[in-house]
Each structure stands twice: as structure tokens, then as C-alpha cells.
Enquirer: 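One structure, pasted below without further comment.
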Amino acid sequence: MQLRLYDTLTREKRPFTPLDPENVRMYVCGPTVYDFAHIGNARPVIVFDVLFRLLRHLYGADHVTYVRNITDVDDKINERAARDFPGLPLNQAIRKVTEVTEKQFHEDVDALGCLRPTIEPRATEHIAEMRTLIEKLVAGGFAYVAEDHVLFSPQAMNAANSVLPRYGALANRSLDEMIAGARVDVAPYKRDATDFVLWKPAKPGEPSWPSPSGIKSEGRPGWHIECSAMAWKHLGEQFDIHGGGIDLVFPHHENELAQSCCAFHSGRMANTWMHNGFLQVEGDKMSKSLGNFVTIRELLQTDKFGGRNWSGAALRLAMFKTHYRQPIDWTVQSLIEAEQVMAHWKMLVSRVPIAQIKILPTQKLERVLLDDLNVSESLSELHDLARIAQKDASARDRLYANLVFLGLLPDQLELAKQGAAEIQHEIKLPEHPDATTLEVFRPKIEKSLERFFLTLPSSANTTATTTTASVILTGEVRYVFLDNWTKYNPYYLSQPDRAHVENTIGIEKLNNLIRERLNARARKDFKGSDRIRDELAAKGFVLKDGKDPATGEPTTTWEIAR
RNA sequence: GGCCACGUGGCGGAGUGGUGACGCAGCGCUCUGCAAAAGCGCGCACCCCGGUUCAAUUCCGGGCGUGGCCUCCA
């Protein structure tokens with residue numbers, strides 16, 4: 001089966017054929033970095049992360065280039081810089097704002113299980129490309145200089161009558177409609193109401209660069225041109241996929257397309273234009289004035305939304321419930337369900353022999369993803385597998401692989417390897433230790449592992465000649481107990497939940513008490529067992545007893561009481 | 001005003017020209033020292049009115065309703 005994607009430009013699902021299968025190229029409009037990203041910003045990041053993962057699967061991880069820009073030149077950034085760092089020169093203040101915001105953004109989307117794009121270019125590092133594009137447009141007669149501005153003329157584009165697309169084709173509207181519907185005041189230097197700014201003079205104190213097209217005074221770019229420039233620089237004149245939120249269709253993408261196609265005399269910028277639907281909060285448009293504005297950070301770390309914090313995996317799963325092109329209603333109820341389902345799935349896959357599993361989607365998962373990323377339908381595959389996972393270890397393993405593939409769980413083997421590498425380095429263990437050496441180091445290793453929150457196979461699952469340490473260090477991890485967390489999977493437990501553990505009891509003590517209670521239960525010492533349950537309950541932990549489906553061995557998991 | 005989506009069981013939400021995904025909630029049962037999980041089973045929906053068709057929730061037309069874009073916005 002072939003990948004089919006819905007293209008906004010042609011308004012149909014089309015088979016996807018890359019221009020170059022050796023280098024599949026995708027551009028997604030990233031954040032303007034002036035404040036914490038809100039949950040609406042998270043949607044395209046997650047949607048196109050899934051597409052990125054799928055493309056890597058189809059064409060190979062080294063054959064996909066995913067560019068997501070960082071817009072660091074913008075009026076809002078300037079305002080924020082002046083407000084937050086009044087003592088600093090503006091340019092320095094701006095750098096502070098953009099650096100801090102970019103770091104926050106990365107932390108947030110990491111927590112949502114998103115891979116980093118291949119390239120994250122910054123607008124300010126592409127001013128030269130912007131100037132080049134602008135000069136090409138002026139030379140081609142698509143743009144003109146007026147009062148130190150450079151303006152793009154959609155009329156000129158349509159008059160050119162060549163291979164160029166019609167201006168308005170993407171947004172499906174005509175120039176006449178736009179003129180009729182124009183609500184903006186038309187600046188006197190514009191020849192037509194629909195002309196838009198490519199370059200504008202900088203006001204005193206604003207960041208500025210040498211202007212193109214013979215303009216003497218310094219200036220700064222208009223909105224839209226930065227994406228044309230960065231896409232060109234990193235993906236070429238034409239590329240495969242251009243994505244973003246549906247609200248970007250007009251004017252942002254329409255104008256990008258116009259600029260790029262006119263600059264290169266091309267009929268296409270991206271072959272496929274993809275747009276995710278809008279996000280609403282409890283049925284209303286999210287806006288600061290309605291007071292329902294919520295950031296990713298607030299969801300992860302505060303109780304602002306629904307009176308509690310949420311794990312990154314649950315936020316991601318909640319996004320998956322609605323097809324990416326549909327509007328999504330962001331509700332507390334939906335997050336409660338997602339959190340519950342994630343807990344169930346994690347319990348099911350807690351004893352997967354991760355070293356033996358290839359992270360590949362099942363056929364059904366692949367099939368539904370190939371059909372325009374039908375992630376919501378893929379959930380029925382996950383639930384099907386979960387239903388039989390209890391009895392069928394291969395279904396359990398496939399469930400695990402699917403969860404990792406979709407980014408709902410981190411790859412436990414990778415985490416274990418990272419942890420092992422750190423430990424090895426830390427305690428100065430030889431690179432390929434023999435069994436005797438490992439025995440000598442064993443207490444140290446186990447202590448370090450505790451600190452990294454990696455839980456090892458129980459002794460029943462290791463042979464006499466294989467120490468727990470060698471199991472980790474040779475990468476042959478059989479089990480990772482997901483009801484703990486690791487240092488490396490920040491989207492498993494949320495920050496406040498982790499802090500709760502640290503502040504109340506500490507992970508080491510918690511694990512010890514659970515082990516102690518399991519022993520007590522084995523002795524039928526139910527008084528002792530209940531004492532431990534009560535002790536932990538008083539600290540806010542709910543214990544749940546179960547059985548390992550394979551071995552019948554009793555297990556206990558915990559969660560934080562809500 | 002122009003353009004565009006959407007309307008599925010108590011709730012969320014896929015999908016389809018002809019035996020109705022899936023999840024949550026609910027009900028019944030099983031298992032379990034306790035508690036909670038977990039397992040099994042049940043519900044029989046597609047806004048209204050026309051049309052096309054042997055057959056429409058699915059296609060077409062109209063209506064009603066909700067939302068979005070046209071202005072910074074993912």
C-alpha cells in the first residue's frame with residue numbers, strides 16, 4: 001500500500017510520491033518564540049511528528065529531512081524583550097527572550113514525545129536568503145519598492161500568466177473576493193489593497209539589517225518571507241510536504257507559495273500542503289480573553305486545567321483521538337480517559353523483553369497511517385492488541401512496538417543503553433567486562449541503577465552466569481519495569497508527580513517497601529502487608545496488586561492518588 | 001457579506017452504498033486475603049426533508065444547527 005495524504009491545494013487525498021526517495025523533504029511552520037507554547041501549538045508539532053516517524057519508517061531514517069523553523073524576528077518578541085529586560089539593549093534583550101523561549105519549547109515538546117526535527121533554522125540567520133528572494137521578485141516584476149518598503153503584488157503574479165499558480169488557489173478564493181472582503185486599512189504606498197509587505201523600514205531601536213533593492217535605510221523582513229527563505233535554503237526550490245495549522249492557509253501559506261513560485265518561476269512550492277484542524281477548549285475557542293488559554297507547561301506541571309497535572313503521553317494520546325484534520329475539543333474528560341488508558345497499556349507492556357523487539361508498526365497500524373494519518377483509527381488496533389495482550393505475549397510485544405512507534409512510550413531499550421553507558425562511565429567499568437569483574441562491581445552497579453530508576457530483571461529471570469549488570473551492559477535487557485520511571489523518559493511521569501515521590505518518600509524507599517510487602521503477602525502476613533499499604537496510602541500512593549501474566553508471579557504497581 | 005468545514009449511541013470518536021471500529025461511562029458475571037486493578041459478556045447510533053439506487057448514515061439537492069477563516073494566531 002502507498003501513502004496517501006490530503007492536499008489542501010487540490011482538496012483531495014492523493015498518493016504521495018516523493019520528489020527524491022533518497023531525501024524526502026518536509027517543512028512545518030514552527031513557533032514564534034516569545035512565550036510558552038499553548039496546547040494549540042502542540043497539535044501541529046505532534047501531528048507532523050507522527051508523519052515524520054512514518055516517513056522515516058517508509059523511506060529510512062536517513063532519507064527524510066524535516067525542517068521546522070523558529071521565528072525569532074517579530075513584533076511580539078520585540079515587545080516582550082522591551083517589557084522583560086528594560087535595562088538591556090534591545091538586541092541583547094531579544095536574544096534572551098528567544099533563547100529562553102526556545103529552550104522552554106523544546107522541553108515541552110520533548111515531554112510530548114516528539115522527535116527533534118532534522119533542522120531547526122532561525123529566521124535571523126536567513127536574512128541574506130530573504131534579501132536574495134526579494135531581489136529576485138523585484139527583478140521579475142512581482143514586487144516593487146515604495147517608500148522604503150518592498151511590496152509583493154498578487155495582481156502582477158496573476159497577470160504573468162505563465163507556469164505560476166493563481167494567487168488564491170491554496171486558500172480557494174479569488175483576488176476580487178479578497179479586495180471586497182479586505183478589512184485592513186490600505187497603506188498609501190500600496191498599489192493594490194492585496195499587496196503585502198516583503199520588507200519594511202525598521203523603526204529606531206528595532207532590530208534591522210541592510211535592505212535589498214537599493215533601499216538606503218536599514219529595514220526588517222515582513223511576515224511570510226522568512227519561511228520561503230528557510231525552506232529554499234534547506235529543502236530547495238521545490239519540496240514534498242509543507243505543513244502547519246489550518247489558520248495559516250491564508251494569508252501565510254498563500255503568500256509563501258506566491259513568493260517562492262514567483263521567485264523561481266515554478267508552478268509548485270510544496271507538492272503536498274497539509275493542515276491540521278483547530279483546537280478548542282471545552283467547546284470554546286481558546287483565547288486569553290475567555291480565560292481558557294492553557295499552555296503545554298501548565299498542563300504538564302500545574303493543576304490549572306482540570307485540577308491536576310497530566311503526563312505528556314496522555315496529552316499526546318488525547319491528541320490522537322481526533323483525526324488531525326478535524327477540529328479537536330480539548331476537554332478534561334478526554335484527558336482523564338487518556339491517562340487511564342495509558343496507565344493500562346503501560347501495565348500491559350511492563351514486562352516486554354525489549355531487547356528482542358524491533359520497533360516497527362503492525363500491518364494494521366501501518367495501513368491506517370498510510371491512509372492520510374488516520375491515527376484515531378489506529379487506536380482501535382492498539383485496543384485490540386491490548387485486549388489479547390494479557391494471554392498472548394506476541395500481541396503484548398506488538399502493542400509495545402506500536403506504542404513506541406507512535407511516540408506514546410519512549411524506547412526502553414534506548415533508555416536502558418543510555419543509562420548503562422552512563423553508569424559504566426561513572427564507575428569506570430571496563431568496556432567489555434567479564435563475569436568476574438561484573439560480580440566485583442555488582443553492588444556499585446545496582447546502586448547506580450537505583451539512582452537512574454532503572455529496574456533490573458528479577459533474579460528468577462537471570463541465569464546464574466548472567467549478572468543483572470551484564471544484562472544491562474550487553475544491551476540484553478529482558479525487562480524494564482515501567483511502573484517506575486527512568487531519568488530519561490520525562491513524559492512517563494510528569495514533573496510534579498516525580499517531585500511528589502521525591503518529596504514524600506524517594507523512589508528507592510518506595511520500591512523497597514513494595515518489595516517488603518510482596519514478601520509479607522507471600523508469608524500470608526496480611527497485617528504487615530496492610531500496614532505498608534496504609535503507610536503508603538497516607539503519603540498519597542495507591543497500590544494495585546496483580547499477577548504477571550506469563551509467570552503468575554505476584555506484582556504490585558502504584559499510582560499517585562488523585 | 002464571501003469562503004470552508006462539520007452534525008454518528010449517555011459522552012468522545014473512526015468509518016462505510018448492503019451483517020453498525022474503538023474508547024469512556026453504565027449494567028451483569030469471573031478472579032482476587034483486603035482494596036484496587038484485570039478478564040469476559042451486554043447496549044444496536046448515524047440532524048431534518050427531498051432525490052438517485054434493488055439498497056443511503058455513506059452519493060446529490062435543500063433546510064436547520066455548530067464551528068472556523070477572511071485581522072496577530074497552530
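Small disclaimer: the values here were computed from a predicted structure and weren't measured. Residue numbers begin at 1 in each chain, while the letters A, B, ... track the order of the sequences. As a basis for the values below, the full set of heavy atoms in this structure was taken, side chains included, without hydrogen atoms, waters or symmetry mates.
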Enquirer: Any side-chain to backbone donor/acceptor pair from A:D240 onto A:R25? Under 3.5 Å, distance only.
Expert: yes
Enquirer: Closest approach to the side chain of A:Q340, judged atom by atom: which nucleotide of B:A74, B:G33, B:C24 is it?
Expert: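 Between B:A74, B:G33, B:C24, the one nearest the side chain of A:Q340 would be B:C24.
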Enquirer: Can a cation-pi geometry be assigned to A:R521 and A:F526, taking NZ or CZ under 6.0 Å from the six-membered ring centre and within 45° of the ring axis?
Expert: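 Geometry flag: not set, cation outside 6.0 Å or 45°.
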Enquirer: What integer distance in Å separates A:R387:CZ from B:C22:P?
Expert: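 Answer to the nearest Å: 7 Å.
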Enquirer: Ignoring hydrogens and angles, answer whether the base of B:C34 and the side-chain atoms of A:R533 contain a donor-acceptor pair closer than 3.5 Å.
Expert: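 Indeed, a donor on one side and an acceptor on the other fall under 3.5 Å apart.
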Enquirer: Is the shortest side-chain N/O distance from A:K391 to OP1 or OP2 of B:C40 below 4.0 Å?
Expert: no
Enquirer: Work out how far the C1' atom of B:G43 is from that of B:C11, and round it to whole angstrom.
Expert: 14 Å
Enquirer: Can you tell me if the side-chain N/O atoms of A:H344 get under 4.0 Å from OP1 or OP2 in B:G39?
Expert: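 Yes, such a contact exists.
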Enquirer: Using the P atom as the point on both nucleotides, what is the distance between B:A38 and B:G23, in whole Å?
Expert: 13 Å
Enquirer: Sticking with atom C1', work out how far B:U57 lies from B:G1, rounded to a whole angstrom.
Expert: 33 Å
Enquirer: In whole Å, what separates the C1' atom of B:A21 from that of B:G2?
Expert: 38 Å
Enquirer: Could you please name the option among B:G39, B:G13, B:G67 that lies closest to any side-chain atom of A:T322?
Expert: B:G13
Enquirer: A:E377 has a side chain; which of B:G15, B:G13, B:A74 sits nearest to it?
Expert: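 Nearest nucleotide to the side chain: B:G15.
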Enquirer: Which nucleotide in the list B:A74, B:C22, B:G67 gets nearest to the side chain of A:H383?
Expert: B:C22
Enquirer: Which comes earlier along RNA chain B counting from the 5' end, the contact point of A:L379 or that of A:W223, where each point is its nearest nucleotide?
Expert: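 It is A:L379 whose nearest nucleotide is closer to the 5' end.
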Enquirer: With respect to the phosphate group of B:G67, does any side-chain polar atom (N or O) of A:Q326 fall under 4.0 Å of OP1 or OP2?
Expert: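 Negative; the distance criterion is not met.
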Enquirer: Compute both the distance and the angle, then confirm whether A:R325 meets the cation-pi test with A:Y6: under 6.0 Å from the six-membered ring centre, within 45 degrees of the axis.
Expert: yes
Enquirer: Over how many whole Å does the gap from A:H275 atom NE2 to B:C4 atom C1' extend?
Expert: 13 Å
Enquirer: How long is the line joining CZ of A:F196 and C1' of B:C72, in whole Å?
Expert: 16 Å
Enquirer: Between B:C6 and B:A55, how many Å separate the two P atoms, rounded to a whole number?
Expert: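 These two P atoms come out 27 Å apart once rounded.
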Enquirer: At under 4.0 Å between heavy atoms, what does A:L543 touch on the DNA or RNA strands: base, sugar-phosphate, or nothing?
Expert: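 Touches a base.
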Enquirer: Give me the distance, rounded to whole Å, that separates B:U19 from B:C59 when you measure between the P atoms they each carry.
Expert: 16 Å
Enquirer: Using a cut-off of 4.0 Å on non-hydrogen atoms, how would the nucleic acid contact of A:Q280 be classed: base, sugar-phosphate, or nothing?
Expert: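 Since only primed, P, OP1 and OP2 atoms lie under 4.0 Å of A:Q280, the category is sugar-phosphate.
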Enquirer: Do the side chains of A:R122 and A:E102 get close enough for a salt bridge, i.e. N-O under 4.0 angstrom?
Expert: yes
Enquirer: Return the nearest nucleotide to the side chain of A:R521; candidates are B:G33, B:A74, B:G15.
Expert: B:G33
Enquirer: For the aromatic rings, using the six-membered ring if either is Trp, is the centroid distance between A:W199 and A:H149 under 6.0 Å?
Expert: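 That pair fails the under 6.0 Å test.
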Enquirer: Name the one of A:Y66, A:F405, A:Y27 that satisfies ring-ring contact (aromatic ring centres under 6.0 Å, His included) with A:F52?
Expert: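 The single option meeting the ring-ring contact (aromatic ring centres under 6.0 Å, His included) with A:F52 is A:Y66.
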Enquirer: Under 3.5 Å, is there a donor-acceptor pair between the A:R533 and A:S529 side chains?
Expert: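 Distance-only check fails for A:R533 and A:S529.
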Enquirer: Once you apply the 3.5 Å cut-off to both distances, tell me the Watson-Crick or G-U wobble partner of B:C42, or none.
Expert: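 Across all strands, the one nucleotide that pairs with B:C42 is B:G26.
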Enquirer: Please evaluate the base of B:G68 for a donor-acceptor partner in the side chain of A:D247 within a cut-off of under 3.5 Å?
Expert: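 Flag unset: no donor-acceptor pair detected.
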Enquirer: Which one, B:C6, B:A74, B:C22, comes nearest to the side chain of A:N41?
Expert: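 Within the option list, the nearest is B:A74.
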Enquirer: Quantified in whole Å, what is the P atom distance between nucleotide B:U71 and nucleotide B:C22?
Expert: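 Straight-line distance between the two P atoms is 45 Å.
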Enquirer: Which sits closer to the 5' end of RNA chain B, A:N374 or A:A171, going by the nucleotide each is nearest to?
Expert: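 Its nearest nucleotide being more 5', the pick is A:A171.
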Enquirer: With a 4.0 Å cut-off on heavy atoms, is A:G244 in touch with a base, just the backbone sugar-phosphate, or nothing at all?
Expert: sugar-phosphate
Enquirer: Just wondering, do A:M274 and A:D7 contact through their side chains at under 4.5 Å, heavy atoms?
Expert: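 With C-beta onward as the side chain, the pair stays apart.
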Enquirer: Just one of A:D74, A:D72, A:D75 clears the salt bridge (Lys or Arg N to Asp or Glu O under 4.0 Å) bar with A:R220, so which one?
Expert: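 Of A:D74, A:D72, A:D75, salt bridge (Lys or Arg N to Asp or Glu O under 4.0 Å) with A:R220 is met by A:D75 alone.
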Enquirer: Charged N to carboxylate O under 4.0 angstrom, A:R173 versus A:E254?
Expert: no
Enquirer: What's the CD-C1' distance between A:E254 and B:C69, to the nearest Å?
Expert: 13 Å
Enquirer: Taking the C1' atom of each, how far is B:G10 from B:A25, in whole Å?
Expert: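 Approximately 8 Å lies between the C1' atom of B:G10 and that of B:A25.
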Enquirer: Only pairs with both distances under 3.5 Å count, Watson-Crick or wobble alike; so what is the partner of B:C6 in this structure?
Expert: B:G65
Enquirer: Between the base of B:C34 and the side chain of A:D545, is one N or O donor paired with an acceptor at under 3.5 angstrom?
Expert: yes
Enquirer: Just compare B:G23, B:C70, B:A38 and give me whichever is closest to any side-chain atom of A:R173.
Expert: B:C70
Enquirer: Could A:D384 and A:R387 be called an ion pair, given the rule that one side-chain N must be under 4.0 Å from one carboxylate O?
Expert: yes
Enquirer: Round to the nearest Å and state the distance from A:K364 atom NZ to B:G15 atom C1'.
Expert: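 To the nearest whole Å, that distance equals 11 Å.
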Enquirer: For RNA chain B, which residues of residues 329-338 of chain A approach it to below 4.0 angstrom with any heavy atom?
Expert: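 When residues 329-338 of chain A is checked for heavy atoms under 4.0 Å from RNA chain B, the hits, listed by number, are A:Q333, A:E337.
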Enquirer: For B:A21, give its Watson-Crick or G-U wobble partner with both distances under 3.5 Å, or none.
Expert: none
Enquirer: Please answer whether B:A74 and A:F278 are stacked, defined here as ring centres separated by less than 5.5 Å and planes angled under 30°.
Expert: yes
Enquirer: Could you tell me whether the side chain of A:R325 has a donor or acceptor atom within less than 3.5 Å of a complementary atom in the base of B:A5?
Expert: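 Absent.
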Enquirer: Could you let me know what B:U71 is paired to, Watson-Crick or G-U wobble, both distances under 3.5 Å, or none if it's on its own?
Expert: none
Enquirer: For the base of B:G33, is there a side-chain donor-acceptor partner from A:S529 under 3.5 Å away?
Expert: yes
Enquirer: Report yes if at least one side-chain N or O of A:N172 is closer than 4.0 Å to OP1 or OP2 of B:C4; otherwise report no.
Expert: yes
Enquirer: Taking a pair as Watson-Crick or G-U wobble with both distances under 3.5 Å, which nucleotide is matched to B:A14?
Expert: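 In the structure as shown, B:A14 has no Watson-Crick or wobble partner.
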Enquirer: What does B:G50 pair with, Watson-Crick or G-U, if both distances are under 3.5 Å?
Expert: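 B:C60 - that is the nucleotide pairing with B:G50, both distances being under 3.5 Å.
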